[in-house]
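Everything on this sheet refers to the single structure shown next.
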Amino acid sequence: DREHFAVILLNAKNRIIGLNIVSAGGLSSASVYPREVLKPAILANSAAIILCHNHPSNSLEPSPEDLAVTKRIIHASDLMGITVHEHLIISLEDERYFSMADNGIIKKFYDEID
């Protein structure tokens, strides 16, 4: 019934080496800061990460805040040499999800860096 934001930590071969719950929020949001997302990635020597969170409303559409935090994390992680492969918004009621990578959002944010 609350929004949770997690980061999946990946090694250089894109194998999962860890999972960290970054934030547990309220009914409609969870506070997420790039330093809190990147700290476990740095400590685990991650080469890449996957971002993931749920919407308690079960809507899979990314909010403007979802897009803004994804953009900030991508910009910060790029400086650290950590790749963001994906940001998933998942349903906790069924198997539906929204992939920011599949929808071109991740690439768009990386293109803005270059």
Specify the closest pair of heavy atoms between [X] and [Y], including all atoms of both residues, with the distance to one decimal.
X	Y	result
Tyr110	Asp78	CE2-OD1, 4.0 Å
Ser91	Asp94	OG-OD1, 2.9 Å
Val7	Pro40	CG1-CG, 4.2 Å

Are any non-hydrogen side-chain atoms of [X] and [Y] less than 4.5 angstrom apart?
X	Y	value
Ile49	Ile8	no
Ile105	Phe109	yes
Leu51	Leu88	no
His87	Phe5	yes
His85	Asn14	yes
Ile74	Ile113	yes
Thr70	Ile106	yes

Mind checking the [atom1]-[atom2] spacing from [X] to [Y]? Nearest 0.5 Å is all I need.
X	Y	atom1	atom2	value
Lys108	Met100	NZ	CE	11.0 Å
Met80	Arg35	CE	CZ	13.5 Å
Asn54	Leu92	CG	CG	4.5 Å
Leu38	Tyr33	CG	OH	15.0 Å
Leu19	Cys52	CG	SG	8.5 Å
Ile42	Leu9	CD1	CG	11.0 Å

Side chain to side chain contact (heavy atoms under 4.5 Å, CB included) with Ile89: of Glu3, His55, Arg96, only one passes, and it is His55
Would a hydrophobic clustering, with Ile, Leu, Val, Met, Phe, Trp and Tyr connected at side-chain separations under 4.5 Å, put Leu67 with Val69?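 Linked, Leu67 and Val69 end up in one cluster.
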Atom CD1 of Ile21: over 12 foreign heavy atoms under 6.0 Å: yes
Hey, mind stepping through Asn11 and Ser46 against side-chain contact (heavy atoms from CB on, under 4.5 Å) and telling me if it holds? CA-CA 5 Å; Asn11 66 15; Ser46 299; over 6 Å; no
Ring centers of His53, Phe98 separated by less than 6.0 Å: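 For His53 and Phe98, the ring centres are not under 6.0 Å apart.
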Can you confirm whether the side chains of Glu36 and Ser23 place a donor and an acceptor under 3.5 Å from each other?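 No, no side-chain donor-acceptor contact under 3.5 Å.
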Please check if any side-chain donor atom of Ser59 sits under 3.5 Å from a side-chain acceptor atom of Glu61, or the reverse. no
Applying side-chain contact (heavy atoms from CB on, under 4.5 Å), run through Leu10 and Ile17 and close with a yes or a no. CA-CA 5 Å; Leu10 305 171; Ile17 57 173; 5.7 Å; no
